[in-house]
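The structure presented is a predicted model; accordingly, all values stated were derived computationally and were not measured. In what follows, residues are counted from 1 in the order of the sequence shown.
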Amino acid sequence: MIQVVQKQNDNTKYNRINLIYELLKNNSRGMTITELSKELDVSTKTIQRDLYEVLSSHGAIKVGRTWKIDPKLKEDNLASNEKMILGILDEMAKGAGKIFYSKAHSLLSQVTQQLEHPIFANINGEYLEEKNIALFEELEKSIKEKVEIKFDYEKYNFHVKPLKLAFFDGFWYLLALHIGEKDLFKKYHLKSIKNIQILDKNFEIPQIVEDRLRYANSVWFNLNEQFVVRLFLDKSIKKYFERKPLKGQTIIGEDKDGSIEIEIKITNEMEIIPLILYYIPYIKVLEPQWLADDVKSRVEKYLKEI
């Protein structure tokens with residue numbers, strides 16, 4: 001039996017209240033006060049008092065002459081923080097469009113009916129339609145089974161080894177090795193893939209590729225060996241990097257004025273340059289020098305053009 005009310009004293013009263021809760025929860029049509037009174041062999045006034053004073057705060061609602069447990073408040077064996085997390089996921093799913101959200105909401109509702117929380121999440125992502133979800137499923141299957149595929153993409157036909165499905169900056173991509181004289185690592189915008197063909201040919205992924213894929217953090221990522229970037233962050237922006245650290249970020253020092261230095265490992269300078277330009281003048285490249293020179297050149301060129 002689910003104990004909705006717990007109290008050490010007056011066991012009889014609280015056992016009765018829990019029995020009322022169980023009866024209402026397991027009776028979809030609901031029960032009247034008279035029916036509950038006969039079932040538990042107590043007065044209607046006692047049942048009425050239990051319902052109004054206690055159980056109305058635990059999901060009991062009155063519908064006409066009957067009482068029942070609100071379907072949205074039925075026990076689902078989830079803790080309040082777990083329900084909140086599901087509520088956040090439900091809200092985030094709205095950013096992928098009506099079709100995707102209807103499917104996600106339906107699945108999450110099977111876990112809990114308590115998805116209504118005071119939460120707003122603005123995930124700036126592209127909408128996925130029914131055909132995109134079907135494509136997503138095909139690609140996921142080919143990745144799990146490690147089979148080669150062919151598809152049309154921007155007027156060309158590609159033959160690839162699919163590796164991962166990735167979500168970068170609001171867009172979905174297929175990460176794959178393009179088959180040729182040498183397998184080349186490429187990213188394909190998922191919604192631009194057409195006429196996919198699953199081939200009867202399996203492949204293996206080199207361990208070094210598997211290892212480096214773990215560090216993919218933007219569409220600019222590649223499979224090259226990582227290099228270290230050291231950045232100076234003014235105290236006015238350091239909180240943003242503390243609240244949402246970059247993937248692989250390490251704080252290596254803090255100055256007396258509150259500014260900090262961080263290190264991150266990347267594979268392509270464009271993984272970090274847009275962020276540096278966004279936070280200028282409160283961010284500086286300390287190492288490597290060639291990256292600092294690149295940023296300086298971009299800023300100087302921009303200033304000449306305006």
Given side chains that start at C-beta, do those of V299 and Y302 come closer than 4.5 Å, heavy atoms only?
-> no
If two hydrophobic side chains count as joined below 4.5 Å and joins carry through other members, does F151 share a cluster with F203?
-> no
Sub-4.5 Å side-chain heavy-atom contact between Y21 and I69 = yes
Please work out which of the three classes, parallel, tilted or perpendicular, describes the rings of F158 and Y153, given edges at 30° and 60°.
-> perpendicular
Decide side-chain contact (heavy atoms from CB on, under 4.5 Å) for F185 and L163; before the verdict, give the C-alpha distance in whole Å, the side-chain angles of both, and the deciding distance to 0.1 Å.
-> CA-CA 10 Å; F185 178 68; L163 302 174; 4.1 Å; yes
Pair E254-K238, salt bridge (Lys or Arg N to Asp or Glu O under 4.0 Å): steps then yes or no = CA-CA 10 Å; E254 182 170 359; K238 76 169 186 175; 2.9 Å; yes
If you measure only the distance, is there a donor-acceptor pair under 3.5 Å linking the side chains of S37 and T34?
-> no
Crowding at NZ, K191 (>12 non-hydrogen neighbours, <6.0 Å) = yes
Which of Y188, F167, Y127 passes ring pair (Phe, Tyr, Trp, His ring centres under 6.0 Å) with W172? Answer is F167
Side-chain heavy atoms under 4.5 angstrom apart, residues restricted to Ile, Leu, Val, Met, Phe, Trp, Tyr: same cluster for L190 and F171?
-> no
All heavy atoms of Y282 vs all of S236, minimum pair found to be CD2-OG, 3.4 Å
How long is the span from the CG atom in L175 to the CG atom in L165, to the nearest 0.5 Å?
-> 7.5 Å
Crowding at CG, L303 (>12 non-hydrogen neighbours, <6.0 Å) | yes
Spacing of CG belonging to L24 relative to CG belonging to L55, to within rounding of 0.5 Å | 7.0 Å
Looking only at heavy atoms, which two atoms of E269 and F227 are closest? And how far apart?
-> N-CZ, 4.1 Å
Give a yes-or-no answer on whether the side chains of E138 and S142 include a donor-acceptor pair shorter than 3.5 Å.
-> no
Is the closest side-chain donor-acceptor distance between Q207 and D211 under 3.5 Å?
-> yes
If you group Ile, Leu, Val, Met, Phe, Trp and Tyr by side-chain heavy-atom gaps below 4.5 Å, do V228 and W290 land in one group?
-> no
Say whether H189 and E126, considering side chains only, have a donor N or O and an acceptor N or O under 3.5 Å apart.
-> yes
Side-chain touch L23/M31, heavy atoms, less than 4.5 angstrom | yes
Do side-chain atoms of E35 reach the backbone of T32 as a donor and acceptor pair under 3.5 angstrom?
-> yes
Is V229 reachable from I252 through a run of I, L, V, M, F, W or Y residues, each pair having side-chain heavy atoms under 4.5 Å apart?
-> no
When rounded to the nearest 0.5 Å, the distance separating CD1 of I198 from NZ of K150 is 12.5 Å
Identify the heavy atoms of K187 and Y173 that sit nearest to each other, and give their distance.
-> CB-CD2, 4.4 Å
Give a yes or no answer on whether the side chain of K161 reaches the backbone of I179 with a donor-acceptor pair at less than 3.5 Å.
-> no
With distance as the sole test, does N202 use its side chain to make a donor-acceptor pair with the main-chain N or O of K146 at under 3.5 Å?
-> yes
Are L174 and V209 connected in a single hydrophobic cluster, I mean Ile/Leu/Val/Met/Phe/Trp/Tyr linked by side-chain heavy atoms less than 4.5 Å apart?
-> no
What pair of heavy atoms forms the shortest contact from F232 to D255, and how long is it?
-> CE1-OD2, 3.9 Å
Side chains of D293 and Q289: closer than 4.5 Å at any heavy-atom pair?
-> yes
Validation row: L177, L184 side chains within 4.5 angstrom (heavy atoms) | no
Look up atom NE2 in H159 and atom CG in L199, then write down how far apart they are to the nearest 0.5 Å.
-> 5.0 Å
How far apart are the C-alpha atoms of I262 and R230, what are their side-chain angles, what is the distance that settles it, and do they pass the side-chain contact (heavy atoms from CB on, under 4.5 Å) test?
-> CA-CA 6 Å; I262 65 170; R230 188 158 63 96; over 6 Å; no
D169 side chain to S218 main-chain N or O, any donor-acceptor pair under 3.5 Å?
-> no
Side-chain heavy-atom pair I260, L231 within 4.5 angstrom cut-off | no
Apply the test side-chain contact (heavy atoms from CB on, under 4.5 Å) to residues T267 and E225: give CA-CA distance (whole Å), side-chain angles for both, the deciding distance (0.1 Å), then the verdict.
-> CA-CA 6 Å; T267 59; E225 189 173 352; over 6 Å; no
Roughly how far, to the nearest 0.5 Å, is the CG atom of D294 from the CD1 atom of I272?
-> 12.5 Å
Does N132 reach the main-chain N or O of E129 with its side chain, forming a donor-acceptor pair under 3.5 Å?
-> yes
How far apart are the C-alpha atoms of D152 and I193, what are their side-chain angles, what is the distance that settles it, and do they pass the side-chain contact (heavy atoms from CB on, under 4.5 Å) test?
-> CA-CA 6 Å; D152 294 330; I193 295 173; over 6 Å; no
Would you say I149 and V160 make side-chain contact, with heavy atoms under 4.5 Å?
-> yes
Given side chains that start at C-beta, do those of D257 and D234 come closer than 4.5 Å, heavy atoms only?
-> no
Test ring pair (Phe, Tyr, Trp, His ring centres under 6.0 Å) applied to F241 and Y279, step by step | CA-CA 11 Å; F241 291 80; Y279 280 110; 5.3 Å; yes
More than 12 heavy atoms of other groups within 6.0 Å of K247 NZ = yes
The single option from E305, R298, K304 that satisfies side chain to side chain contact (heavy atoms under 4.5 Å, CB included) with K301 is E305
Measure from the side-chain N and O atoms of Q249 to the backbone N and O of L246, and report whether any donor-acceptor pair falls under 3.5 Å.
-> yes
Approximate separation, where rounding is to 0.5 Å, of L19 CG and R16 CZ | 9.5 Å
Closest non-hydrogen atom pair, I283 against I276 = CG2-O, 3.3 Å
Taking all non-hydrogen atoms of both residues into account, name the closest pair between I143 and P162 and its distance.
-> CG1-CB, 3.7 Å
